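In this chain, numbering begins with 1 at the start of the sequence shown. Worth saying up front: this structure is predicted, and the values here are computed from it rather than measured.
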Amino acid sequence: MGKALEGVRVLDMTHVQSGPSVTQLLAWLGADVVKLEAPGGDITRRQLRDVPGVDSLYFTMLNCNKRSITLNMKSQRGKELFAELVRSSDILVENFGPGAVDRMGFPWERLRELNPRLIYASIKGFGPGRYAKFKAYEVIAQAMGGSMTTTGFADGPPLATGAQIGDSGTGIHAVAGILAALYQRESSGRGQRVQVAMQHAVLNLCRVKLRDQQRLAHGPLKEYPNRTFGDEVPRSGNASGGGQPGWAVRCAPGGPNDYIYVIVQPVGWKPLSGLIGRPELAEDPEWATPEARLPKLDKMFQLIEEWSIRHDKWTVLDRLNAENIPCGPILSTRELAEDESLREEGIVVAVEHPERGQFLTVGSPLQLSDSPVDVRTPPLLGEHNQEIYAALGVSAGELAELKTNGVI
């Protein structure tokens, strides 16, 4: 059986992370993704190199299952070839600064003229308002989208999250828009623009904090461990921020990742109080109900930690799960890389690269029963120039001339 997006051609003009995360997902779904790079290549091929002279992990982990061609868009022949590529593509994705593709001579109106069925997806830092021309990076998007103000502890500074919600988080939003446009094209016969801003995507991921901002008008947020509240949602450490209180409690032997996150549901309090050696708390009116426990969440988790610190996190995990108590150990990057279950699930994948050898990457989180994903090695720079340009009618002689003249 074929792949879900088999027969769909994606012209990938993206670089760094937010855009490549989009096109890699589309490639995993079966699209033919042609990565269009300047002759010097995507800058991340050279950034954060761990092995001299080969493509970095930054590049390889975001560009699997793609083909690569090079093209100098400043040359007249380059513009002509680009126009031909647009005509033969279903989707164009770019994440340049605002107006960059327009300045190349290809505004949306021109692109639509070349290919009325084209879906043109753009990722920008911000929407068209006052921030439109600001430069955006991952943590800037976190700062301006509501994440940093609500991450950290109340007595500390705002913190960035290790999850790349500004870049890859925006990429996932863009994939949703592209697939919706592709589906609508089936009935309309027309392509359309898809635009996603990093600030908007981060704010969407932080919507529960905007919820709590409105709840503040009616009094303190009882599910938060904070003692005082102003007129803004506070940073609340490791609190769940939801209807069920949670916290990361320490485990033995006390290393930096020897923690487990525990959620205390009403139904879980009786078995939990027994596990920690305080069965009497299940009936004590000072502890027995969620309403009684809310004002002293810090003390509740301290009691749990006095038990958990005597055991390693895997033992705690097993004992809590045996009682159906929601929990999860804090897994380090090393533990994730070595996790056998994640490897069996195809989420941590070993890939062979022709120059660097084997590297680990994250496999597709999108699992389709009829469209399984085989993660393939990312392309070398310009690896597919000959086959793709030949399909456009470029002869071997002209191809050599184009390379000599710096067009490819």
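- Asp90 meets the salt bridge (charged side-chain N to carboxylate O under 4.0 Å, His left out) test with Arg185; sequence neighbours excluded.
- A pairwise comparison of heavy atoms in Val194 and Gly177 identifies CG2-O, 3.7 Å as the closest pair.
- Note on Arg343 versus Glu340: no salt bridge recorded, every NZ/NE/NH1/NH2 to OD/OE distance being 4.0 Å or above.
- In this structure Glu355 satisfies the salt bridge (charged side-chain N to carboxylate O under 4.0 Å, His left out) test with no other residue, sequence neighbours excluded.
- Between Tyr137 and Met198 there is no side-chain heavy-atom pair separated by less than 4.5 Å.
- One finds the OG1 atom of Thr149 at 5.5 Å from the CZ atom of Arg235 (value rounded to the nearest 0.5 Å).
- In this structure, the side chains of Asp258 and Pro253 come closer than 4.5 Å at one or more pairs of heavy atoms.
- No donor-acceptor pair under 3.5 Å is formed between the side chain of Asp12 and the backbone N or O of Val33.
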Evaluate the side chain to side chain contact (heavy atoms under 4.5 Å, CB included) criterion for residues Val348 and Leu336: first the C-alpha distance (whole Å), next the side-chain angles of each, then the deciding distance (0.1 Å), finally the verdict. CA-CA 8 Å; Val348 174; Leu336 289 167; 5.6 Å; no
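- Between Leu368 and Leu29 the shortest side-chain heavy-atom distance falls below 4.5 Å.
- A salt bridge between Arg110 and Glu113 is present, with a side-chain N of the basic residue lying under 4.0 Å from a carboxylate O of the acidic one.
- For residues 236-254, every residue pair satisfying the side chain to side chain donor-acceptor pair (under 3.5 Å) rule, not counting sequence neighbours, is listed here: Arg250-Glu305.
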Please walk me through it: do Gln142 and Ile165 pass side chain to side chain contact (heavy atoms under 4.5 Å, CB included)? CA-CA 7 Å; Gln142 290 189 31; Ile165 61 175; 3.8 Å; yes
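- Looking at Leu85 and Leu392, their side chains come closer than 4.5 Å, going by heavy atoms from C-beta outward.
- A distance of 6.0 Å separates CG in Leu62 from CD in Gln24, rounded to the nearest 0.5 Å.
- With sequence neighbours left out, Glu291 forms a salt bridge (charged side-chain N to carboxylate O under 4.0 Å, His left out) with no residue at all.
- No hydrogens or angles considered: a donor-acceptor pair under 3.5 Å links the side chains of Gln17 and Ser168.
- Residue Phe229 comes nearest to Leu221 through the heavy atom pair CZ-O, 3.4 Å, listed as atom of the first residue, atom of the second, then distance.
- Between the side chain of Asn324 and the backbone N or O of Gly268, no donor-acceptor pair lies under 3.5 Å.
- With hydrogens and angles ignored, the 3.5 Å screen pairs no side-chain donor or acceptor of Lys79 with any backbone N or O of Asn72.
- For the side chain to side chain donor-acceptor pair (under 3.5 Å) test with Ser68, the passing option among His384, Lys35, Glu383, Glu37 is Glu37; the others fail.
- Neither side chain, Ser122 nor Gln195, offers a donor N or O lying under 3.5 Å from an acceptor on the other.
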Quick one: do Arg278 and Glu306 satisfy side chain to side chain contact (heavy atoms under 4.5 Å, CB included)? Show the steps, please. CA-CA 11 Å; Arg278 298 293 301 273; Glu306 288 173 0; 5.6 Å; no
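- A side chain to side chain contact (heavy atoms under 4.5 Å, CB included) with Glu94 is found for one member of His15, Lys124, Met104 and no other, namely Lys124.
- Here the side chains of Thr70 and Lys403 are not in contact, with every heavy-atom distance at 4.5 Å or above.
- Gln184 places no side-chain N or O within 3.5 Å of a backbone atom of Leu182 that could act as its donor or acceptor partner.
- Proximity of Leu366 to Trp28: side-chain heavy atoms (C-beta onward) are nowhere separated by under 4.5 Å.
- Asp42 places a side-chain N or O within donor-acceptor distance of the main-chain N or O of Thr44, the cut-off being under 3.5 Å.
- The OH atom of Tyr131 sits 4.5 Å away from atom CE of Met144, with the distance rounded to the nearest 0.5 Å.
- Among pairs with a residue in residues 215-233, those fulfilling salt bridge (Lys or Arg N to Asp or Glu O under 4.0 Å) read Asp212-Arg215, Arg215-Glu223, Arg227-Asp298, at least two apart in sequence or across chains.
- Side chains of Ile91 and Ile178 form a contact here, defined as non-hydrogen atoms less than 4.5 Å apart.
- Judged by distance alone, the side chains of Ser88 and Glu84 never bring a donor and an acceptor atom under 3.5 Å apart.
- When atom types are taken as modelled, the side chain of Arg46 and the backbone of Asp55 share no donor-acceptor pair closer than 3.5 angstrom.
- Arg49 pairs by the salt bridge (charged side-chain N to carboxylate O under 4.0 Å, His left out) definition with nothing, not counting sequence neighbours.
- Note: Trp269 and Trp287 have parallel aromatic rings, judged against thresholds of 30 and 60 degrees for the angle between ring planes.
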Would you check, one step at a time, whether the test side chain to side chain contact (heavy atoms under 4.5 Å, CB included) holds for Leu205 with Ser147? CA-CA 8 Å; Leu205 296 173; Ser147 177; over 6 Å; no
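- With Asp32 as the partner, the salt bridge (charged side-chain N to carboxylate O under 4.0 Å, His left out) test is satisfied by one option alone out of Lys3, Lys66, Arg9: Arg9.
- Between the side chain of Gln214 and the backbone N or O of Leu210, at least one donor-acceptor pair lies under 3.5 Å.
- Between Leu92 and Leu111 there is a side-chain heavy-atom pair separated by less than 4.5 Å.
- Side-chain atoms of Lys313 never come within 3.5 Å of backbone atoms of Leu331 as a donor-acceptor pair (strictly under, hydrogens ignored).
- Using modelled atom types, one finds no donor on one side chain facing an acceptor on the other under 3.5 Å when comparing Asn257 with Ser332.
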